[in-house]
Each structure stands twice: as structure tokens, then as C-alpha cells.
Amino acid sequence: MTLRNIAIIAHVDHGKTTLVDGMFKQSGMYRENETVEELAMDSNEIEKERGITIFAKCTAVDWGDHRINIVDTPGHADFGGEVERILSMVDGVILLVDSAEGPMPQTKFVTGKALALGLRPIVVINKIDKADRRPEEVHDEVFDLFVSLEANDDQLDFPMLYASGRDGWASHDLDGPRDNLDPLFQTLIDHFEKPAMRTKEIISEPFTMLSTLLDRDNFMGRVITGRIQTGKIKINDPIKVLNQSGEVVETGRATKLMSFEGLERLPVDEALAGDIIAIAGLKIGTVADTICAPEVTEALQAQPIDPPTLSMRFSVNDSPLAGREGTKVTSRMIRDRLERESEGNVAIKITESEGKDSFEVAGRGELQLGVLIETMRREGFELSISRPRVIYHEDENGARTEPYEEVVIDVDEEYSGVVVEKMAERKAEMTDMRASGAGKTRITFLAPSRGLIGYHGEFLTDTRGTGIMNRTYDSYGPYKGPIQGRRVGVLISMGMGKAVAYALWGLEDRGVIMTHPQEEVYEGMIIGEHARANDLDVNVLKGKQLTNIRASGKDDAIKLTPPRKLSLEQAIAYIQDDELVEVTPKSLRLRKRFLIPHERKKAARAAGK
């Protein structure tokens, strides 16, 4: 049986996981009477809820006499660290592009990494049954993208297919037969060569493997996935782990070897060079380490990962309502969980504060850190989260630099003016603007990441929910100076207790309420947004004064506007530097960093406000 190792690259929602579903079905992986779940590769709870791929995953399908190892990659740039490291496991990539949207910024980010490694691409234009498809223009855009990414002649001579992953067909011609995915399978076998290390000489060398993915199993412990570079391995063979410096981290035995088949990991007795396998039996080895035979002394070089650009401070929840909903509330538990996360997620960096009660967590973007926070709250953690801050660098002249992002916005023509105005206020530079058909305009900006924090909600309001914004990290550039943040203040509770409907009703003229009646509040908690620029302390515990005198209009029913409730990402983007998000398994609350008014005034004076 011949072997092919491939990765599938696509922008968010271009149909990557749906195409893998079709490959599963047509390769005979399922029984005829088996219940088949849609988006089978998105197995994580949060992935299913959000409809996006977050974690890179390995799978394999058999087609004829061929075994095809497939790596499903995340489409969002925030999870680019997942993609960068798995590219070392594959020999080619399928670039999946929407027939209407064409290549997007995040497609460019990952494709650039793949082309730089010399991987050959196959281009699949998906969702070809869309009414607003434009396959010829998309093909030209992909070719231009490859040229701009300095692809070589071999990479520019890519095969192209048209497909509908949902309907399960692919074709070389736009008007060709639409029967099944066999043309895609055949193109994979013909265009991609079998792994170069699959020769007798390399298989006879000592065993080496680069650790690429780290997983945990309740029964087997740490499970490390990677591709065997040289040699072969059998169950219970002695192995050791080398770090990037070539130092021995640990020694042990391969207690279990597993290969991938569909959605399952199946135990095998032996694996050869070129195979993608999972190994159990190690306690310390982690991502980017070399797992090898005892006689090997040199470590394999891992693909460098782009550094994080954004950080947040995770601290112990010290609000008056702390400990009521969560089971994991101490700094020691938070530290252990974050260290465990940084082991398997190479794009995250953890730094502990001097006081040992908070941790600076640096990552690729708000979404990546938001997913980590959401995962932790579901595990029972209580946290206080600070506003995201960009990570500044210095250039060779000592001048401060900050991260910039390429922002591509698709918006109705009538809203393009307000979008350009708001982006200019955030120090963004417009690099391109063109009509994209159907009354839409595509505008491209280069903007400092700092100016984009908190803008997405305002953007949706400005475009009446019709705008689409895609962002990806571009580079570090000159510091752009101060950028205005939120323009309005907040309403802050003056006391602790349950919010009273009568009091909230009286505050509706002051701004937007974010608290339900009978919800627990405490001093310093943010209960709404003020209509003016200053913060306002308000009493939400005040009840209606009852007397024994009845009068016309006294007993009108109170009609409250439904409160605005923020999601986790919205809350993180909403807060200012002197505010925190209190995260518990059941609640999200906004609060001031200093709960007592005179402490807030003292901190404001110290900051020079």
C-alpha cells in the first residue's frame, strides 16, 4: 500500500471540514448502516458551537491501494501556530478556496508558510454551485497570490479542480461530470509523491521522529503525534527525547503505537519512516522535541513559530462573589492549567507576575485567547481577565514598533464611507478598494492591531450586521501614537445586593443597561454603559417607596428594555485598561480593577489622568 501525507488549507468557512466528510464517506470508511455525523473532524465542543476548526487533527483514508494521511488545519489566523508546526509532517497541500470569496488573508498566511517549505499545492475551488461564483477570476487571484508569495515554477504549475464538498463531487472541468470525489483522490496520488524517506536505506537508519502534536488520554497519559523521519519503531522499543539543543530530556519505552484511520487511532505493532503515528509512554517530552533511538545524538530542527502579538493578564478572581460557582479558584491551579496549555500549544507564552497571583498570557489574537478562557471556565475555573495589550518590540535604531494586521472588509457600497472613516480613526491605511460584485465593495487596510481591539462590534453596528471583516498578522511596523479607545463611560454599582427592577428602570435614561433584575451585583461592578464620556456611580438596589396613599400613575407597570449581554470576546474587547472581566463557569461580569471609588480616584491620579 503506497502512502501520501497531505494537509488541507482553507480560510474559515470555505468548506474544508465538509470536504473531509465527503472523503470519509466515499473511501468506504463508514458502514452502510452507520450513523454519520456531519463535520466529523470538528469534534471539540467549542468547535461544534462556533462552526470553526480550532485544533489541527490527523486522520487517514484508504482509497484503492493507497493510504492517504490527511491533516485538517484551522482556518483562522489566531490558530496559525497549529498550522505552522504540522506542515513539517506532510509532502503536499490542498488549497481550498471559495468560488465567490476567493483567497482571503488567512489563506495567504498559511499558504506562504507551505510554499516556503517547498510543498507542492493542489488548488480546489469549492462551493462551485454558488449563485455568485466567479471561478475564472478566483483562479487568477490564486495564481497572483502564489506569485506574490514567491512560489517556484514547479509550485506555480498546480493542478486545479472544481468541487462541491457538501454534494460530494469534484471535477477537472467546470462543466465536467459531477459524480464523486474520485478525480480529487486520483489527482492526490498522481501529483504528490510518496514520502522521500520511504526507502530501504532510510528505513535501515536509527529511529527519529519530530514531535508535532501533543494530546492527553485518561488511560495512556501523554500521546505525542508526529511523522517518522528515519528508521522504524516497534512496540516497547527503547526511546529517548532530545530538546532543540540536543540535550536528553527523558528516556523510556514506546508502550503504545497508533496509526490513524478515519476518526480513530488504531494500535499497530510497527511503523516505518514516512508514517504519521502517535506514541504513548513518555512523561515529559513535548512539542518540537525529537523522539529517537538511544544511539541518536542530534535533534531534528523544528519549524520556527511566529511570536505572539497580543497578551492578557489572567489573575485570581478576587470579587465579592468569588468562589460561588467555580471549583478551581487558586493561583496554583490556574498556573498548572496554563503551563499544561503552553506545553501543547506552541503559539502561547506564559509569564508569572512577581506577586505570583497573576499570569501574562501571550498569544496570536483575541479569538485564540478567548477560546482558552472559554475552555477553562467550562473546566470549573474562575478568573479575572484584563484588556488585551499588544506586544511592542524595538527596531535596530531603538524605536518602538507594534504589530500590524492586514484587514480585508467586504461591505455594501452604502456603508463603505463610514468603514473607511472609522478605520482612519484607528490609524489604518487603505491599500486597496474595489467592487466585488452584487453591490459589495472589498476594502483592504493595513492597520495596527492595537486599533482593532474592540472594533468588531462597532463595525457590525455601522454595517447593520452585513459587513464581513477578516484579519491576519502582517508584520511589525512603526508605532502609530495614541489611538482613541471606547468613547463612553460606564454605570458602576454603589453597593452589594440584588439589582431592583425599579432602580434599573430609573437608570434607562442614563445609558444602556447590562444587568437583569434580581441579578447579584457588588460595589465596583459595571451594570451598564453611560451615555456620556464619564463613569457614573449609581444605586441599583433602590426599591420603590411604598405608602398607604394611592394616586393616579403611581402603580404603572415597569417596562424594562432587555439588557445588553456581552459574549466573552465582546466583553474582553469592551473593557478599558482600568477594568476587568470576571469569568466564572456560569457568569460573565464586568468590573472596575479597583472596586472602591476613592481607590479608583487615587489610581487615576497616579496614572496622570
Decide yes or no for Glu529 and Leu491: does some side-chain heavy atom of the first lie under 4.5 Å from some side-chain heavy atom of the second? no
Got a sec, which residues hit salt bridge (charged side-chain N to carboxylate O under 4.0 Å, His left out) with Glu599, two or more places apart in sequence or on another chain? none
Step through the shown structure and confirm whether more than 12 heavy atoms of other residues, nucleotides or ligands are within 6.0 Å of NZ on Lys256. no
Is there side-chain contact between Ile572 and Ile373, with at least one heavy-atom pair below 4.5 Å? yes
Any side-chain heavy-atom pair from Glu520 and Thr515 closer than 4.5 angstrom? no
Which residues pass the salt bridge (charged side-chain N to carboxylate O under 4.0 Å, His left out) test with Glu458, sequence neighbours left out? Lys422, Arg426
Can you confirm whether Arg600 is buried at CZ, in the sense that more than 12 heavy atoms of other residues, nucleotides or ligands lie under 6.0 Å from that atom? yes
Check side-chain contact (heavy atoms from CB on, under 4.5 Å) between Thr461 and all other residues, then give those that pass, not counting sequence neighbours. none
All pairs passing side-chain hydrogen bond (donor to acceptor under 3.5 Å, both in side chains) where residues 487-503 contributes a residue, at least two apart: Glu425-Arg487
Is the number of heavy atoms from other residues, nucleotides or ligands under 6.0 Å of Arg313 CZ greater than 12? yes
Is Glu582 close to Leu588 at the side-chain level, that is, under 4.5 Å between some pair of heavy atoms? no
Side chain to side chain, Val583 and Ser384, heavy atoms closer than 4.5 Å: no
Taking C-beta and beyond as the side chain, do Met376 and Leu383 meet within less than 4.5 Å on heavy atoms? yes
So, using salt bridge (charged side-chain N to carboxylate O under 4.0 Å, His left out) as the criterion, who are the partners of Glu508 when residues are at least two apart? none
So which pairs with a foot in residues 351-392 pass ring pair (Phe, Tyr, Trp, His ring centres under 6.0 Å), sequence neighbours left out? Tyr392-Tyr479
Can you sort out the partners of His393 under ring pair (Phe, Tyr, Trp, His ring centres under 6.0 Å), two or more places apart, ordered by chain and number? Tyr476
Got Leu369 and Pro388 here, is their nearest side-chain heavy-atom distance under 4.5 Å? no
Can you name the nearest heavy-atom pair linking Met514 to Leu590, along with the distance? SD-CD1, 4.2 Å
Residue pair Tyr522 / Arg589, side-chain heavy-atom distance below 4.5 Å: yes
Residues which pass side chain to side chain donor-acceptor pair (under 3.5 Å) with Ser311, listed by chain and number, not counting sequence neighbours: Glu360
Run Arg400 and Glu394 through salt bridge (charged side-chain N to carboxylate O under 4.0 Å, His left out) and show every step you take. CA-CA 5 Å; Arg400 182 193 274 190; Glu394 287 187 355; over 6 Å; no
Ala278: side-chain contact (heavy atoms from CB on, under 4.5 Å) partners, not counting sequence neighbours: Val223, Thr225, Met258, Phe260, Arg265
What residue pairs, at least two apart or across chains, pass side-chain hydrogen bond (donor to acceptor under 3.5 Å, both in side chains) with a residue in residues 241-254? Asn243-Glu247
I'd like to know if the side chain of Thr208 pairs up with that of Gln229 as donor and acceptor (distance under 3.5 Å, no hydrogens or angles considered). no
Set of residues satisfying side-chain contact (heavy atoms from CB on, under 4.5 Å) with respect to Arg593, sequence neighbours excluded: Ser386, Leu580
side-chain hydrogen bond (donor to acceptor under 3.5 Å, both in side chains) for Glu405 and Ser449? Distances and angles first, verdict last. CA-CA 6 Å; Glu405 296 185 25; Ser449 303; 3.0 Å; yes
If you round to the nearest 0.5 Å, how far is CD1 of Ile291 from CG of Leu242? 10.0 Å
Going by salt bridge (Lys or Arg N to Asp or Glu O under 4.0 Å), Asp535 matches just one of Lys592, Arg510, Lys601. Which one? Lys592
Going by the rule ring pair (Phe, Tyr, Trp, His ring centres under 6.0 Å), which residues pair with Tyr574 if we only count those two or more places apart in sequence or in a different chain? none
